[in-house]
Structure formats: C-alpha cells, structure tokens
Undergrad: 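Here's a structure for you.
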Amino acid sequence: MPDIAIIIVLLGVAIFLVLLEIFFLPGITVAGIGGAVFTIGGIYYAYSVSALAGNVSLFLSLVIFGGIFAWLLRSRSFHQVALHAEADSRLTSSRELGIQEGDEGMSVSRLAPIGKARINGLIVEAKSTGDFIPEETPVVVVRVDGYNVIVKMKNEA
C-alpha cells in the first residue's frame, strides 16, 4: 500500500508541474524540469514495484494528463487571460510613403550601416552606402528597394 501512495504522489506532482509549465510558465523552467524528473521517477518506481504496476501507472497518468489538458484548453477561465486583440496593421513600403531617389533628409540616429533617418518629414529605417553616417548628418536617398531606403551623406560625391 505505501508503494501505491508513493507512485500516486510522484505522478500527481509530475502532472501538476507539467501542466503548470504548459499553461502558466513560458519557456523551460524549473516546473518543466521538475515535472520531467517526477514523471521519470514515478514511472521508474512503478516499474520497480512490478510490471503490472508500471503499465497501469503509465496508462493512468497519460489518461489523467490528457483529460486535464483537454479540460483546461476548453475551460472558460483561460479565455479571461488569453489575448484577443487582432493585428490589423500592415507594413507600408518606402515607395508608398512617397520616398524617392534624390530626396534629402537628416540622419536621426547613427547609421552603422543601418539606423533611422528623417526623410520628407517621415522617420524611416535607412541603410548607408558606406560604413558609418553620424547622427544629425544631412543625407540623400540613393535608392529605394521596397522597404529599404539606401542613403549616403549629402556631401559625398
């Protein structure tokens, strides 16, 4: 009888920790590692008692875990913490913003080689043709490739 209690406690803690890891704790945490250790320990202990106890423990733990997992997925309590916002924005290309070759502007941040520049009153991500353009340096648009604005310093030849 004490063997059954030990198996139940080990597998119960394992199921709790694994479900905690899946539903509440992002990434791999102590709960997930602990759940794996308790699962392996519980199943190993059950098989050390007897093969029948191991098979029954493995089967019941999978059924119980699956049942609780399905119940938690359908539970209304998770709808309260779930994110329901929709992303309805879209990425606008630099050409659609009206930026063209020859437009002038000012680097807002250091371009090494990528940074921010203000062109036609808009702050866009810009890429320099050289290695480095300091902050607050006049720039000229050399080329616009879709979402990329390639610039050079205004006084470069």
Side-chain angles (χ1 to χ4, degrees), residues 8-46 57-157:
I8 290 172
V9 168
L10 287 173
L11 293 178
V13 171
I15 291 171
F16 173 76
L17 289 175
V18 170
L19 290 172
L20 183 71
E21 173 77 18
I22 292 171
F23 287 104
F24 294 109
L25 303 172
I28 297 175
T29 64
V30 175
I33 295 168
V37 168
F38 274 93
T39 301
I40 292 167
I43 299 298
Y44 179 79
Y45 187 78
S57 298
L58 181 61
F59 176 75
L60 286 178
S61 63
L62 288 174
V63 168
I64 292 170
F65 174 79
I68 294 173
F69 184 83
W71 177 76
L72 285 173
L73 283 177
R74 294 182 183 179
S75 173
R76 294 275 180 202
S77 61
F78 282 108
H79 293 290
Q80 295 172 356
V81 295
L83 180 64
H84 296 290
E86 291 184 27
D88 58 353
S89 64
R90 67 181 199 90
L91 189 59
T92 306
S93 76
S94 300
R95 286 200 190 282
E96 291 173 355
L97 294 174
I99 297 174
Q100 299 176 358
E101 183 179 326
D103 287 348
E104 297 181 4
M106 183 76 66
S107 63
V108 175
S109 68
R110 179 174 64 137
L111 277 65
I114 296 177
K116 299 285 184 185
R118 180 177 288 115
I119 300 169
N120 297 339
L122 301 169
I123 296 179
V124 296
E125 188 169 284
K127 181 177 182 180
S128 72
T129 56
D131 291 334
F132 173 79
I133 297 178
E135 183 177 347
E136 298 297 321
T137 302
V139 294
V140 176
V141 176
V142 176
R143 189 172 75 243
V144 179
D145 292 333
Y147 301 102
N148 297 321
V149 178
I150 292 80
V151 299
K152 67 177 182 177
M153 281 195 272
K154 188 175 180 181
N155 55 3
E156 281 185 5

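Predicted model only: the values in this text are computed from it and were never measured.
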Undergrad: Does any non-hydrogen side-chain atom of I33 lie less than 4.5 Å from one of L17?
TA: no
Undergrad: Would you name the heavy atoms of A126 and V151 that are closest together and state the gap between them?
TA: CB-CG2, 4.1 Å
Undergrad: Would you say the side chain of R110 lies within less than 4.5 Å of the side chain of P134, judging by non-hydrogen atoms?
TA: no
Undergrad: Indicate yes or no for a side-chain donor-acceptor contact from S57 to the backbone of I43 under 3.5 Å, with no hydrogens or angles considered.
TA: no
Undergrad: For residues 99-108, which residue pairs qualify under side chain to side chain donor-acceptor pair (under 3.5 Å), counting only residues two or more places apart or in two chains?
TA: D103-N120, E104-K154
Undergrad: Using every non-hydrogen atom in the two residues, find where I99 and V144 come nearest and quote the distance to one decimal.
TA: O-CG2, 3.6 Å
Undergrad: Drop me the distance from L25's CG to L19's CG, to the nearest 0.5 angstrom.
TA: 11.5 Å
Undergrad: Quick check: do N148 and K127 have side-chain heavy atoms less than 4.5 Å from each other?
TA: no
Undergrad: Knowing that exactly one of V18, L11, L60 qualifies, which makes a side-chain contact (heavy atoms from CB on, under 4.5 Å) with F65?
TA: V18
Undergrad: Look at atom CZ of F16 and say whether more than 12 heavy atoms of other residues, nucleotides or ligands are closer to it than 6.0 Å.
TA: no
Undergrad: For a quick test of reading the model, state the closest non-hydrogen atom pair linking K116 to L111 and the distance between them.
TA: O-CD1, 3.6 Å
